[in-house]
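Here the structure comes first, spelled out in structure tokens, and everything after it is commentary.
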Amino acid sequence: MLQDTIRDIITKAVAALTEHGAFPDVEIPAVEIMRPQVAAHGDYSTNVAMKLAAALRSVGLPGTPRALAETIATEIREMVAVVPAYDLVTAVEVAGPGFINLRLGERWLLRQTADVLAAGAGLGAVDVGRGTRVNLEFVSANPTGPVTVANGRGAFLGDALGNLMHAAGYDVTKEYYFNDAGGQIDQLGFSMERYCRFILGEPVFCQIDDIENEAAPEVVKPSARFQKGKGGGDSAPAQTAAKPRKPRGYYDPYYESVAERLLMRDGGALLEGPATEGGPALGKAAADIIMRDIQDTMRRMNVEFDVWFNQASLAPSGEIEAGIKALRDGGYLEERAGAVWMKSSQLGDDQDRVIIKSSGEPTYITSDIAYMRNKFERGFDQLIFILGPDHHGYIGRLKATAAMLGHDPERVHVLIYGNVALKVGGRTMRMGKRLGNAVTLDELDDELGADVTRFFYLMRANETPLDFDLELARKQTSDNPGLSVQYAHARASGVFRKAEERGIAPDQYAEADPLALANDRPDELAAELNLLRELLRLEEVVERAAATHEPHLLTAYGMALAEAYHLFYDTCPILKAGSDVPRDVQMARLRLMAAARAGLARTLHLLGMDAPERMEREAAEAVAHASPAE
RNA sequence: GGCCCUGUAGCUCAAUGGACAGAGCACUGGUCUUCUAAACCAGCUAUGCGGGUUCGAUUCCCGCCGGGGCCGCCA
């Protein structure tokens, strides 16, 4: 990595000086490399002289940061002049309170065009992961309803993070855990039975009253069909402050469609079995349908999973028992008031947890234990959980569970993302399945398309709340920065189409000498070098985004790369009519543009987006016509 | 009450303890007979409050104020 070479140079220079006794005998601080925010400060910067000065001062020795910086800078200058591998640095300056700033050479930068192109689809790949086996679990929404805008955030975060970690050298398995067991499935069955009987024409209307007795009216919104005969009409949502009680079952037009499919598939046979009271069989069958819906949604959003894991598979395989036994053998279980508790609080959890109720039934926690044990047994070195904002209490419990299973809790990483709210008509509304106003990911996809939706989600830092302004996103599609990145790629593709029309074949510029650009006008050269700097930065972005689990760094990079590309495009003509570009410059720019296009494509693919060859402009015009300036 | 996240430009958000706090949108001007103007250029405005650590704090620590969330023998 470029950054490693820079670090190497500085470290070696300091070490050489220390060896020659240039510094008194103090502990040499670790070298930190920074990317200055201001271009005038060079490409890389280090504060090692200031750290060294502080170390000297602490033992009563003299030495100002700037003087030390000058000494180190002189050594670096000598090294880069002599060592061929260090020829990338051409300028070393001391600035400010004692920074040492390094600048990459223009000719060296221009030559990197070849490296970027040679990297191809592996551009930006690094190997900090060294094959570490990572299990990345995300979404894991319950199969009791469609994926919503809220829990959909995990889908994009997980998918993009998986891509990033893969590029950073990790062996990543992306996994979805279906909670297709337990009381919620029985509840699903309960409402399925009602819907099925309703569809079959059985008199179940009276049961609406049951529902409404169980929850505040605004919580339950049965479909219009289900509601007919009530004559209630649509009353304005009450401004209730009271927390509504959870209704038994799930009611919303979506569930009616599930019931319809259930009936088509099983012909209502499940309704007649003796075991339908409470609806476990119906619930399981409905969950199967919903799971397929969720998988369809994920496919539509281009979110890929390697493993779809079913909670229901754990009990038959004996893994639940094995998990409980593992905790018991570890001495972590205790009986209290007829229930079995795990003593997780001694391992950092907020509290102890019941794992077997006094009724003898296991809680869902036993499944979680068995599932984590299953993951470790599959040989994963790291487990990453991407969870919604209401799950922060899981962090301690999951880590404690790992510890109780005999693993280092540091191998468990829990990433909690921020709340998602929809902005409609300038008002932000909270959503939730239980508030009955959840917007699904499919609906968002219909409105905006998978790529725009994804970019919008990935622009924010994980923990930042996401206010999804649907109207703005819909109306301003053409201004969406994500599309700007795709447009940059499409624009580059257009140039190559044009080149082909002019009879310029790829092999004519494949070997072009990039140094032909060294004599360009200053503004042209600046745009070209700026573009190369951005392209070379991708590996640093990949490394950091993977290490910190922050895919939004890549979207920010994508915008910066697109901006650098657009500036290059506008400043440096190649085939533009009326431009008088020498042949060798033309070829070198085509080669550079090929590198830029590769970088844009790679960035888009890492984000999980398409890199389009062309983009139509109708959409933008339609928007312009739809909202004429007043 | 305990715990988690959060407060940066008019709005939505960035900023591995660094130098002059950046983008996008919005707004105001300028660039198309030209490789796609879905672009480019110029301009405007910000770290909630008070302490502390540090050569240096948006970042780390403490307190206050404000916003969101979680604290079941539900899953």
Side-chain angles (χ1 to χ4, degrees), chain A residues 32-38 40-41 45 47 50-51 53-54 57 64-65 95-99 101 142 144 179 181-185 187 246 311 336-341 350-351 353-359 361 363-365 367-368 388-396 416-419 421 423 430 459-461 463-467 469 472 476-481 483-484 486-488 490-499 502 540 544 547-548 552-553 555-556 559-560 562-563 565-567 569-579 589 593 614-617 619-621 623:
Chain A
E32 287 176 50
I33 307 288
M34 287 159 302
R35 303 283 312 223
Q37 292 184 357
V38 184
H41 296 156
S45 170
N47 60 1
M50 289 181 281
K51 293 286 184 197
R57 194 177 337 102
T64 66
F99 291 104
N101 297 333
N142 292 343
T144 53
N179 287 85
Q184 58 186 347
I185 300 301
Q187 290 217 2
K246 188 179 157 191
Q311 179 185 358
R336 261 180 251 162
V340 178
W341 296 67
D350 296 338
Q351 53 190 271
R353 314 274 176 179
V354 171
I355 66 164
I356 299 174
K357 303 180 210 172
S358 47
S359 66
E361 279 180 281
T363 67
Y364 73 99
I365 291 178
S367 296
D368 286 359
D390 51 341
H391 288 71
H392 77 254
Y394 279 43
I395 302 173
I416 304 284
Y417 57 82
N419 225 341
K423 242 168 133 179
R430 289 183 46 231
M459 277 199 299
R460 269 78 171 183
E463 290 155 352
T464 303
L466 176 66
D467 285 347
D469 191 331
L472 195 71
Q476 301 191 332
T477 291
S478 60
D479 294 325
N480 188 294
L483 288 190
S484 175
Q486 288 185 316
Y487 178 58
R491 252 182 154 185
S493 302
V495 175
F496 291 109
R497 277 196 300 275
K498 190 101 180 176
R502 301 269 180 92
E540 288 169 26
R544 212 186 126 209
T548 59
H552 80 280
L553 297 173
T555 47
M559 286 190 270
E563 194 179 334
Y565 172 80
H566 287 307
L567 181 58
Y569 179 94
D570 284 332
T571 311
C572 305
I574 300 174
L575 305 171
K576 202 170 176 177
S579 61
R589 283 184 182 165
M593 189 169 284
R614 58 177 82 226
M615 289 173 79
E616 305 305 327
R617 211 180 304 171
E621 285 168 359
V623 168

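First the proteins, then the strands, lettered A, B, ... as listed; each starts at 1.
- G48(B) sits 28 Å from G43(B) when the C1' atoms are compared, rounded to a whole Å.
- When the C1' atom is used for both A46(B) and G7(B), the distance is 12 Å, rounded to whole Å.
- In this model, the phosphate group of C55(B) is approached by a side-chain N or O of R57(A) to a distance below 4.0 Å at OP1 or OP2.
- Computed from coordinates, the I356(A) CD1 to A75(B) P distance equals 13 Å when rounded to whole Å.
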What do the steps show when you test K498(A) against I574(A) for side-chain contact (heavy atoms from CB on, under 4.5 Å), and what is the final call?
CA-CA 10 Å; K498(A) 190 101 180 176; I574(A) 300 174; over 6 Å; no
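- Considering all non-hydrogen atoms of both residues, A461(A) and H552(A) come closest at CA-ND1, 3.5 Å.
- One P atom belongs to G18(B), the other to C61(B), and the distance between them is 15 Å to the nearest Å.
- The backbone N or O of L575(A) lies less than 3.5 Å from a partner atom in the side chain of R502(A), making a donor-acceptor pair.
- Taking side-chain N and O atoms only, K498(A) has a distance below 4.0 Å to OP1 or OP2 of C35(B).
- Anti is the glycosidic conformation of C44(B), whose angle departs from 0 by more than 90°.
- Both A556(A) and A490(A) sit near RNA chain B, but only A556(A) has its closest nucleotide nearer the 5' end.
- OP1 and OP2 of A21(B) both lie 4.0 Å or more from every side-chain N or O belonging to Q37(A).
- Side-chain N/O atoms of N47(A) and base N/O atoms of A19(B) include no donor-acceptor pair closer than 3.5 Å.
- Here T571(A) lies out of heavy-atom contact (under 4.0 Å) with every strand.
- Per the geometry, CG belonging to D350(A) stands 14 Å off C1' belonging to G72(B), to the nearest Å.
- Residue S358(A) places its side chain closer to C73(B) than to any other of C73(B), C41(B), A75(B).
- One distance of note links CD1 of I365(A) with CH2 of W341(A); it measures 9.5 Å at 0.5 Å rounding.
- Looking at R589(A) and P573(A), their side chains come closer than 4.5 Å, going by heavy atoms from C-beta outward.
- One P atom belongs to C41(B), the other to C32(B), and the distance between them is 16 Å to the nearest Å.
- Contact annotation for A339(A): base contact, defined as any heavy-atom pair under 4.0 Å involving a base atom.
- The shortest heavy-atom contact between R353(A) and G393(A) is NH2-O, 4.0 Å.
- Helical stems involving RNA chain B, defined as 3 or more consecutive Watson-Crick or G-U pairs under 3.5 Å, span B:1-7 with B:65-71, B:10-13 with B:22-25, B:27-31 with B:39-43, B:48-52 with B:60-64.
- Within the 4.5 Å cutoff, the side chain of P97(A) has no heavy atoms near those of the P65(A) side chain.
- Taking atom C1' on both nucleotides, G69(B) is separated from C73(B) by 24 Å, rounded to a whole Å.
- Judged by ring centres under 5.5 Å apart and planes tilted less than 30 degrees, H41(A) stacks against the six-membered base ring of A19(B).
- Atom CE in M50(A) sits roughly 12 Å away from atom C1' in U54(B) (whole-Å rounding).
- Contact between the side-chain N/O atoms of R336(A) and the OP1/OP2 oxygens of C73(B) is not found at any separation under 4.0 Å.
- A gap of 41 Å separates the C1' atoms of C70(B) and C27(B), to the nearest Å.
- To the nearest 0.5 Å, the span separating NE2 on H392(A) from CD on E463(A) amounts to 12.5 Å.
- The gap from the C1' atom of A19(B) to that of U36(B) amounts to 40 Å, rounded to the nearest Å.
- Atom-to-atom, CG of D368(A) to P of G72(B) comes out at 16 Å; the value is rounded to the nearest Å.
- Side-chain atoms of D570(A) lie closest to A39(B) of the nucleotides A19(B), A75(B), A39(B).
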What string of B, S and - do you get for nucleotides 4-9 of chain B, 5' to 3', when a contact is any protein heavy atom under 4.0 Å?
BSS---
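- Note on A40(A): nothing from the nucleic acid sits closer than 4.0 angstrom, heavy atoms only.
- Listed nucleotides C55(B), A39(B), A23(B) differ in distance to R491(A); the shortest reach to its side chain belongs to A39(B).
- Of the candidate nucleotides C55(B), A19(B), G68(B), C55(B) has the atom lying nearest to any side-chain atom of K51(A).
- Residue K576(A) places none of its side-chain N or O atoms closer than 4.0 Å to OP1 or OP2 of A39(B).
- Residue M559(A) contributes atom CE, which lies 13 Å from atom C1' of A15(B) at whole-angstrom precision.
- The nearest whole Å value for the distance from the CD atom in E32(A) to the C1' atom in U54(B) is 13 Å.
- Within the nucleic acid shown, Y565(A) has no heavy atom closer than 4.0 Å to any nucleic acid atom.
- Comparing C73(B), A19(B), C40(B) against the side chain of E563(A) picks out C40(B) as the nearest.
- Rounded to an integer number of Å, the gap from F99(A) CZ to C20(B) P is 9 Å.
- Judged by distance alone, the side chain of R614(A) and the main-chain N or O of S493(A) form no donor-acceptor pair under 3.5 Å.
- Checking U34(B), U36(B), A75(B) against the side-chain heavy atoms of N179(A) singles out A75(B) as nearest.
- Here the shortest heavy-atom pairing between F496(A) and M593(A) reads CZ-C, 3.8 Å.
- RNA chain B is contacted by both V38(A) and E361(A); V38(A) maps to the nucleotide lying nearer its 5′ end (nearest heavy atom per residue).
- Relative to the ring axis of Y565(A), R491(A) does not place its NZ or CZ within 45° and under 6.0 Å from the centre.
- Distance, D390(A) CG to G69(B) C1': 8 Å, rounded to whole Å.
- Of the listed nucleotides (G18(B), C13(B), C35(B)), C35(B) has the atom at the smallest distance from the side chain of A577(A).
- Comparing G18(B), C71(B), A14(B) by their closest approach to the side chain of H552(A) singles out A14(B).
- Between the side chains of S367(A) and Q311(A), at least one donor-acceptor pair of N or O atoms lies under 3.5 Å.
- In this structure, the nucleotide among A39(B), C55(B), A19(B) sitting nearest to the side chain of S484(A) is A39(B).
- Using a 4.0 Å heavy-atom criterion, one finds that L567(A) contacts the sugar-phosphate atoms exclusively.
- Spacing of P atoms, G50(B) relative to U58(B), comes out at 13 Å, to the nearest Å.
- Side-chain proximity of P481(A) to the nucleotides C73(B), G24(B), U36(B) is greatest for G24(B).
- Residue contacts for A337(A): at a heavy-atom cut-off of 4.0 Å it reaches a base atom on one of the strands shown.
- In this structure, Y364(A) contributes its side chain and N179(A) its backbone to no donor-acceptor pair below 3.5 Å.
- When atom types are taken as modelled, the side chain of T363(A) and the backbone of V354(A) share a donor-acceptor pair closer than 3.5 angstrom.
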